[in-house]
Structures are given as C-alpha cells and as structure tokens.
2 protein chains.
Amino acid sequence: MAINISDAFARKLGAFVALSATELDVLSRLHRRRRTFVAGRDLVHQGQSEQAAYILASGWVCSYKSQPDGSRQIIDFQIPGDFLGLRSILLHTSDHGIQPIVEIEAAEVRKQDLLDAFAHTPRLATAVLWAASRDEAMVVEHLVGLGRRSAMERMAHMLLELGARLALVGMGNKTGYDCPLTQYHLADALGLSAVHVNRVLRQLREEGLVTFQGGHVAFNDYPGLVALAEFDPTYLDQVGPLLD
Amino acid sequence: MAINISDAFARKLGAFVALSATELDVLSRLHRRRRTFVAGRDLVHQGQSEQAAYILASGWVCSYKSQPDGSRQIIDFQIPGDFLGLRSILLHTSDHGIQPIVEIEAAEVRKQDLLDAFAHTPRLATAVLWAASRDEAMVVEHLVGLGRRSAMERMAHMLLELGARLALVGMGNKTGYDCPLTQYHLADALGLSAVHVNRVLRQLREEGLVTFQGGHVAFNDYPGLVALAEFDPTYLDQVGPLLD
DNA sequence: CGACCTATTGAGCATCTTCAACATTCGTGG
DNA sequence: CCACGAATGTTGAAGATGCTCAATAGGTCG
C-alpha cells in the first residue's frame, strides 16, 4: 500500500542514486499523510504562506503564474513522483500557484518531517536536492524554448520531455503515453494561443510525427520528432549527486 | 580591503537578513581568493564539471545556454554581490555557460570552504539558500515574460528589474544606472532580434519612458515604465527566510 | 435538453524577423 | 595622431510567424 504510493518517487530517485533499505523505509514513511485533491482547485495559491509540501502519487499538476491582465503562464507540469512546493517549505511564501489538472493523490510532507528525514539520512537530502536542481534545469530549458524555438519546435520538445519524464516512472515509452492536458494547457505552457496550438498539433500529425488526441500522445516518428525539436535529454539524464 | 570586496554581497544579504559580526567575518573570509577575468572568456563552460563557485565583486556577467543552431539564450544577468555557479557546486556539472560581459573581479569559493561556512554559521547557509531561491524566482519571472509579454513590456520589465537589483547594492536608483550591455545582449536575453531591440529602445525613448544610450540607462518616467511593464517587484523584495 | 468545456477551421491583421545597407564608435597598429 | 577594421548601433522594406475574432462542431454532465 505505502509501497505503491511511494513507488514513483522512489523509482525516480533510484534511477540516479542507489538507495538503501533504510532510506527507502524513511522515504515510505514520508508518504503516510495521503490526501486526494479535485481537479482545478489550487493546492498552493500564488502569494500564499505555506508550510506543507507534497509528493505527487497519481495524476498531473501544473505550476503557473497569473498575470495582472488575466493571462497565465504555466511554469512546468508535475507528474507522479515529482515533489511539489519544496521551495515554499524552504522559504515561506509561494510566488506561483499549483493546480491539479485531474483528480490527484498526493502525500503531504510536513516541514519538520522532511527536515528530520534529511537529518537522519543525508543521502536522501542530497537526492532530494538533486531532484530540485533537475527541476530547475527543466525550467531553464523551458525558458530557452520560449526564447529561441518556433511553435512547432516548442511543442515537439514539450511532448518529448514529458515522454522522457514519464518513462522514468514507468508511465510511458517511445511509442507514447496517456496525457490529460487540454490544448489550453499546452497554450499556457508554450506561450501560444490555443488556436495556434491546434494548428501546430494538426501539422505535427499530418507530417506523421506525433498524434495528440483523445488524451493520448502517440509518437509516430520518434527520431524525426527528436530531430525537429533538437531534443537533447542531457538535462534530464544527468548523473546523480556525488555520494561519497 | 576585504570589506570593500564583500561589500555588495554582504549588503544584499543584509538587506533581508540581519547578519551578526561573526557572520560578516565568515563572509569576508570567503572573499579572500580574489581573481580577475577578462570579458568574453567563459568562467564556466556549458557541460563542464566544475568545483568552484564565485561571488561577483565587480562587473557584469551573464548565464546562457547555447543552442545547436548557434543561437543563444541568456538565462539571467548577474551583478556585483551575486553568487555564480551555486548549483554546479551542489551538483557537479553545469548545464549552462557563465560569461563575463566586461572585465570582472570575483572571489573564488571552494566547495569545502562554503560547506564549512554553512556548518559553522547556519544562518549564513539559510541566507545563501534564500538568495538562490530568489535567483530561481527571477528565472521564473523571466520565463513568464518570454511567454506572455510583448517586446516593449519585456524590455521595460528587464530594465526595471536590473535597476531594482542594482539599487540593492547601491549601484542605481530610480533615475537610472550604468549598464554595460549591448543591444545584442538584450536581444539574446529577451528572445528578440537585435534589430527589433533597437526599434523597441527607440520607441521607449521617443515615448519619454527610458533612455538606453552610451552605457547608461536613464529612467525618464519611472511610474510610466512600471505601468507599461506591469512591474511588480514582489519577487525581488520578498522577506528573508525564517530565522528562528 | 441545455450549458459548458474543448476542439477545429477560416480570414484578416499585428508583431517580429530577415536581409541589406549604412553610420558610428572604439581599439589597435602603423 | 591617424587609419583601419571590427564591433555595435540604426534604418528601410519585405515577409513569416503567430494572434484575434468569429463561427461551428463534438462531448460530457447535471
């Protein structure tokens, strides 16, 4: 049961850092305070003071920042195994909102429990900080995409990155994955209009590269897509932290 | 002398966290390994393994990521008092390059020295981590700009943000600041062509908002510029970490 | 059924890019 | 001290990319 929930997180960390039985145990104990959240209602509100962080067990979530003019920019999507709100546990306010895209299950992690876990199993602390740095690298890569890639390239890159991340937790492979995002989500993430997202998706489909339909992404020509996006997964694959 | 070098860094941290004499002393000791770097030659290379980090004492620096097609995207600019390469000290590779824009002075910080300083003065560790989180918040804000703001708004926002950051270390105020950036730097940071940067700057000048000329930024209508950019410096001004 | 959310497509338009030419500044060597 | 070249800044014109507005269709859920 607990094993089931902690699966994705442990699997992700374990892909880069060998975790001992003790560490896995501490990890699973962090998952006890399990909760369910409905789609659309924010977990963390922009500007709010927040003590708790979460480990996402199932479902998808997005972090976003709302603009005064009403538009919003999605910073990143989070998938099972991802840590939510780590920064707002270290600091004490959140500069962005966190919203479930579908109904999700997440384990609430109290600030004190996390700090205790870190104190007792330093390797775990290093692993989590490594994961946080990887998240930051993804944000940077996203920024590069918005600044220097065309709409087609951005879309291809995003679909590939999500695929690579999902593959790490056993929820996808090079043929495709299930994806609950709407075209509006993609638009808000990629800095495009929803209309243009639709056209881009059509073109990618007509060129036989990817199909995004009915909640499923199907890679029809994986190498072709990688070439179009100039997708270099180095920033995801980085070796784990030095664990002397 | 050491006081002089550590000035900007201590001043920045001190603006948010009250530092004791002991902490200031530890801080100044971190600045001993002072070095000079010429403009244009990278301090840290993209993809390189790097042990050392730096505290920038004078001059400007940019972090950037090069694309396979030759274009580059500047992630952020660093100014005196900023920490360089903190992530590459925690992990062990850098996913981006760091390049001096002018000749700079920086204090090299060895991994071990930093960890020692953190161990002896935890408040200092918290303060530095707070600074790192603030940097991340700036990257996020930059991402939002690229995704959801027009060229004019982006430019206005960037010039205002730099002004606010410089003011924190006593190098600028609401009337303006000295700025060594070329229009190419701005283009690479804002995701625009250099040509368009030139037009945008002209328009901002003609509308009496800012003047960017001869290495100097002059705010001609600060409130007007803030309104245009919808500049909300909350993400820079955040209160310091909880230092219980 | 009706309301609402999501997806789709067309037409016209704004923003920003590219290409090209030219001006200006600045450092360097003659 | 001047001449030259390189880097930076400036401007015009043409074109591409992506946006807005608008209309329509399918799907889901109460």
Side-chain angles (χ1 to χ4, degrees), chain A residues 38-41 60 62 67 69-74 99-103 145-158 179-207 210-217 228, chain B residues 38-41 60 62 67 69-74 99-103 145-156 158-159 179-207 210-217 228:
Chain A
V38 299
R41 176 134 9 119
W60 292 45
C62 68
Q67 292 294 97
D69 69 0
S71 69
R72 73 169 181 177
Q73 175 66 45
I74 290 179
Q99 183 172 88
I101 287 167
V102 293
E103 180 173 294
L146 290 179
R148 288 293 175 220
R149 282 197 269 264
S150 71
M152 287 272 285
E153 292 164 347
R154 261 181 260 179
M155 178 67 74
H157 199 277
M158 168 118 286
C179 171
L181 301 179
T182 67
Q183 297 186 356
Y184 289 86
H185 286 123
L186 290 173
D188 284 346
L190 299 175
L192 300 171
S193 68
V195 170
H196 201 59
V197 163
N198 185 282
R199 293 190 224 278
V200 167
L201 287 174
R202 173 155 59 113
Q203 196 177 342
L204 286 170
R205 194 183 332 122
E206 285 173 359
E207 292 185 9
V210 243
T211 309
F212 180 98
Q213 250 165 4
H216 192 264
V217 174
L228 169 64
Chain B
V38 300
R41 175 130 16 113
W60 291 45
C62 68
Q67 292 293 99
D69 69 0
S71 68
R72 74 168 180 178
Q73 174 66 45
I74 291 180
Q99 184 171 85
I101 287 167
V102 293
E103 179 173 296
L146 290 179
R148 289 293 175 220
R149 282 197 268 264
S150 71
M152 286 272 286
E153 291 164 347
R154 261 182 261 178
M155 178 65 75
M158 167 118 290
L159 295 179
C179 172
L181 302 179
T182 68
Q183 297 186 355
Y184 291 87
H185 286 122
L186 290 172
D188 283 346
L190 299 175
L192 300 171
S193 68
V195 171
H196 201 58
V197 163
N198 185 283
R199 293 191 222 280
V200 167
L201 286 174
R202 172 155 58 112
Q203 196 176 343
L204 286 171
R205 194 183 332 119
E206 286 172 358
E207 293 186 8
V210 244
T211 309
F212 180 98
Q213 250 166 4
H216 192 265
V217 173
L228 168 65

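Proteins come first, then strands; the chains are lettered A, B, ... in the order of their sequence lines, and each starts at number 1.
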Sugar-phosphate, base or nothing in reach of Ser193(B), heavy atoms under 4.0 Å: base
Interatomic distance, Glu153(B) atom CD to Asp69(A) atom CG [nearest 0.5 angstrom]: 7.5 Å
Nearest-nucleotide pick for Tyr184(B), side chain only, options being dC16(C), dG9(D), dT6(C): dG9(D)
Gln183(A) side-chain N/O to dT8(C) phosphate OP1/OP2 under 4.0 Å: yes
Rounded interatomic separation in angstrom, taking CZ from Phe212(A) and P from dA7(C): 7 Å
Length of the CE-C1' vector between Met155(A) and dT17(D), whole Å: 15 Å
Thr211(B) OG1 to Glu206(B) CD distance, which is reported to the nearest 0.5 Å: 11.0 Å
Contact residues, residues 194-207 of chain B to DNA chain C [heavy atom, < 4.0 Å]: Val195(B), His196(B), Arg199(B)
Distance, rounded to the nearest Å, where Met152(B) contributes CE and dT15(C) contributes C1': 12 Å
Touch class at under 4.0 angstrom, heavy-atom based, for Gly40(A) against every strand present: nothing
Gap between atom CG of Leu159(B) and atom CG of Leu190(B) - 0.5 Å precision: 8.0 Å
Evaluation steps, side-chain contact (heavy atoms from CB on, under 4.5 Å), between Leu228(A) and Glu207(A): CA-CA 11 Å; Leu228(A) 169 64; Glu207(A) 292 185 9; 5.7 Å; no
Spatial distance of atom CD (Gln73(A)) from atom CZ (Arg148(B)) [nearest 0.5 Å]: 5.5 Å
Whole-Å gap separating P (dG18(D)) and CG (Leu146(A)): 12 Å
Rounded distance (Å) that lies between atom P of dT17(C) and atom CG of Asp69(B): 14 Å
Interatomic spacing from CZ in Phe212(A) to CG in Leu204(A) - rounded to 0.5 Å: 11.5 Å
Axis-to-axis angle between the two ends of the helix from dC1(C)-dG30(D) to dG30(C)-dC1(D) (five base pairs per end, rounded to 10 degrees): 40°
Atom pair CE/CE of Met155(A) and Met152(A) - distance to nearest 0.5 Å: 10.0 Å
Atom-pair distance (CD on Gln213(B); P on dT25(C)), nearest Å: 10 Å
Which atom of Val217(A) lies closest to which atom of Cys179(A), heavy atoms considered: CG2-CB, 3.8 Å
Sugar-phosphate only, base, or nothing, as touched by Gly215(B) at under 4.0 Å among non-hydrogen atoms: nothing
Atom-to-atom span, CZ of Arg148(B) to P of dT15(C) - whole angstrom: 16 Å
Verdict with supporting geometry, Leu186(A) and Val200(A), side-chain contact (heavy atoms from CB on, under 4.5 Å): CA-CA 11 Å; Leu186(A) 290 173; Val200(A) 167; over 6 Å; no
Atom pair distance, as rounded to whole Å: CZ in Arg149(A) and P in dG18(D): 13 Å
